[in-house]
Enquirer: 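What follows is a single structure, and I will ask about it in a moment.
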Amino acid sequence: MHLELSEQEQIRRDALRQMRELGIDPYPAESFPVSHTAQGILEGYEKDESAFGEVVLAGRMMSRRIMGAASFTELQDSTGRIQLYFKRDQICPGEDKELYNTVFKKLLDIGDIIGVSGSVFRTQMGEITLDVKQFTVLSKSLRPLPVVKEKDGVVYDAFTDPDQRYRQRYLDLIVNPQVRHTFVQRSRMVNSMREYLNARDYLEVETPVLQPLYGGAAARPFKTYHNTLDMTLYLRIANELYLKRLIVGGYDGVYEFSKDFRNEGMSRFHNPEFTQVELYVAYRDYLWMMDLVEEMVEKVALDLHGTTQVQVGEHLIDFRRPWNRFTMHGVIEHFTGIDISGMDEGQLRATAEQLGVATDPSMGKGKLIDEIFGSTCEGRLIQPTFIMDYPIEMSPLAKKHRSRDGLVERFEAICNGKEICNSFSELNDPIDQRQRFEDQLELGRRGDAESMVLDEDFLRALEYGMPPTAGLGIGIDRLAMIMTNSPSIQDVLFFPQMRPEKKATLDADAAFTELGVPAEWVPVLRKKGIQTLGALREQDPAKLMNDLNGLRKKMKLDIPALQPETVNAWIRS
RNA sequence: GAUUCCGUAGCUCAGCAGGUAGAGCAAUUGCCUUUUAAGCAAUGGGUCCCGGGUUCGAAUCCCGGCGGGAUCACCA
């Protein structure tokens with residue numbers, strides 16, 4: 001007896017046992033090859049009613065309506081749902097009606113996975129339905145599913161609790177078909193980009209996740225430890241410095257879809273691990289890369305939606321080329337009417353304060369401009385827009401601007417008020433690069449925990465000579481949010497990071513029996529909520545005996561009632 | 001990390017001038033041979049997140065904790 005299980009779970013375990021007693025294996029080993037899919041039948045039958053003879057389908061039973069000797073259920077496979085018609089005399093042609101009356105009606109439950117074969121027809125109500133001749137149990141479900149119903153596009157009793165949806169994504173995927181679709185779209189998006197890059201003969205590569213030094217971005221890392229090497233390793237925060245070594249090595253174009261890890265706060269835009277694609281192309285600059293980004297993202301929109309227009313929240317976003325382009329100074333002037341070019345740090349600080357942007361004394365020129373941009377422009381850029389020419393202080397890996405002092409050749413694409421990519425003409429002057437790293441070290445000494453560390457081997461590589469190179473990073477999760485109209489990053493990650501579920505501590509049954517608790521009373525104690533010896537010792541003996549005997553009666557247990565001295569003995573021992 | 005809201009049956013939710021819990025679906029039982037979120041009827045099912053406090057009495061009020069959402073901060 002599993003007294004800690006809910007009534008519905010106990011009923012399902014009983015059904016499992018009864019199946020086995022009837023000689024039915026609830027978890028058979030053999031393959032069950034299907035001939036069709038739900039969607040294939042629905043679409044094919046609509047076009048040609050004679051298209052199907054016998055078909056074989058498999059999937060999860062999602063609803064059931066029994067009307068005596070006939071029943072309707074819905075079968076859900078990876079493509080969708082189709083109605084099944086079970087008729088007793090068809091399932092059981094002979095005298096023995098057990099397969100229908102007992103196995104189908106009593107031992108199967110919503111959530112069970114079954115295989116069926118039969119022919120396709122249309123009911124009087126006009127619904128394309130499989131007339132089932134045979135069915136096979138493929139997997140018995142022991143937990144009740146959330147039951148979600150839908151009619152005419154209106155969903156009833158939806159399974160919506162974000163906590164449960166993210167922790168038990170499998171349930172979310174079973175009952176919320178739009179969630180399955182979102183992740184299919186995400187996968188298609190990555191394939192679309194990979195196709196685009198492969199068509200240009202760029203090489204997909206892999207670089208280390210475990211790194212002795214972390215670099216390529218401004219972020220705090222996760223730290224781990226290798227036993228044999230007896231050394232600290234970091235989980236990568238970016239793969240930039242490794243990919244540029246490969247450009248030094250002579251490849252003309254390399255890219256990597258990489259999981260990166262940043263030990264920062266979490267929000268609906270941030271997960272501790274996230275995916276980026278980084279691309280480096282030799283003999284190109286950031287202006288060339290801007291064209292590539294436009295073309296690739298436009299292709300993604302077309303591949304996913306068949307159009308360049310994508311509905312995102314309340315906005316209809318159009319990825320059709322060309323996108324708007326602004327310089328950082330230009331866009332600030334566009335939205336505030338203030339021309340900041342040529343301002344020194346003091347003037348920038350005054351401008352920031354005038355615009356209501358919070359500042360603090362540690363902010364230099366670059367940071368101040370970034371703050372002004374962030375609070376006055378970024379959120380207002382809904383349609384895809386390039387912002388180019390960033391302050392040098394914020395960009396230690398980007399090449400100095402070919403014509404404008406104090407700036408670097410860098411752009412970001414902003415869409416729906418958020419950055420979706422970051423790119424520069426890569427800095428390949430090793431002496432300048434060393435100086436920039438040293439400036440970062442200085443920032444670190446001033447208390448900036450996220451400043452970059454100096455990577456000597458990377459500098460050594462640059463000293464051998466890296467061709468002029470354009471580099472790009474696109475946040476896959478962020479782009480997936482936009483392309484699938486998802487308001488939170490958790491909606492485009494199968495398993496977003498969550499706090500662990502709180503596990504109730506409990507002592508083993510044996511611990512209770514050693515104390516003298518009869519085995520048949522242990523489940524009753526658990527039912528009472530007493531899961532540990534400590535909890536037992538805190539009980540008042542008289543009240544406990546009373547409660548347990550009450551439960552004995554309620555649970556209709558055929559065991560002798562407890563006596564006071566027995567309960568006293570447990571608690572005192 | 002800060003602010004704020006939320007945590008009641010397997011699911012979605014109601015209950016909160018404080019009087020030991022309700023609905024729909026799901027489940028069980030019976031009837032019913034083509035239904036359209038739900039055929040009909042009956043029945044069972046709850047440590048009201050956890051721990052304290054106030055009170056004769058707490059799902060309800062107060063405090064603390066845990067978990068989650070939203071906004072902000074950091075960051076991509």
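Treat the numbers as computed from the prediction; the structure is a model and nothing was measured.
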Enquirer: Paired with B:A2: which nucleotide, if any, by Watson-Crick or G-U wobble criteria at under 3.5 Å for both distances?
Expert: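 Here B:A2 is engaged in a pair, and the nucleotide opposite it is B:U71.
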Enquirer: Of all the nucleotides listed (B:G68, B:U36, B:C11), which has the minimum atom distance to the side chain of A:Glu127?
Expert: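 Nearest nucleotide to the side chain: B:U36.
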Enquirer: Can you confirm whether more than 12 heavy atoms, excluding those of A:Arg122, are under 6.0 Å from its CZ atom?
Expert: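 Yes, the 6.0 Å shell around CZ holds more than 12 heavy atoms from other groups.
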Enquirer: What is the per-nucleotide protein-contact pattern of nucleotides 26-31 of chain B, from the 5' end, where B denotes a base atom under 4.0 Å from a protein heavy atom, S denotes such proximity for sugar-phosphate atoms only, and - denotes neither?
Expert: BSS-S-
Enquirer: Kindly assign one of parallel, tilted or perpendicular to the pair A:Tyr100 and A:Phe104, based on the angle between their ring planes and the thresholds 30° and 60°.
Expert: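 Judged by the thresholds at 30° and 60°, the geometry between A:Tyr100 and A:Phe104 is parallel.
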Enquirer: What nucleotide, of B:U35, B:G10, B:A76, holds the atom closest to the side chain of A:Met125?
Expert: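 Selected nucleotide: B:U35.
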Enquirer: Give every residue pair that meets the salt bridge (charged side-chain N to carboxylate O under 4.0 Å, His left out) criterion with at least one member in residues 83-95 of chain A, sequence neighbours excluded.
Expert: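 Output for this query lists A:Asp89-A:Lys97.
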Enquirer: Using modelled atom types and a 3.5 Å cut-off, is there a donor and acceptor pairing between side-chain atoms of A:Arg186 and backbone atoms of A:Val492?
Expert: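 Present.
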Enquirer: Using 30° and 60° as the class limits, which term best fits the ring planes of A:Phe183 and A:Phe494: parallel, tilted or perpendicular?
Expert: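 Answer is parallel, since the angle falls under 30°.
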Enquirer: Base of B:U36, side chain of A:Thr123 - is there a donor-acceptor contact under 3.5 Å?
Expert: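 Indeed, a donor on one side and an acceptor on the other fall under 3.5 Å apart.
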Enquirer: Who passes side-chain contact (heavy atoms from CB on, under 4.5 Å) against A:Leu84, sequence neighbours left out?
Expert: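 With neighbours one apart ignored, the set is A:Thr73, A:Leu75, A:Ile82, A:Phe86, A:Ile114, A:Val116, A:Leu130, A:Val132.
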Enquirer: What about A:Gln83: does its side chain form a donor-acceptor pair under 3.5 Å with the base of B:U36?
Expert: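 Absent.
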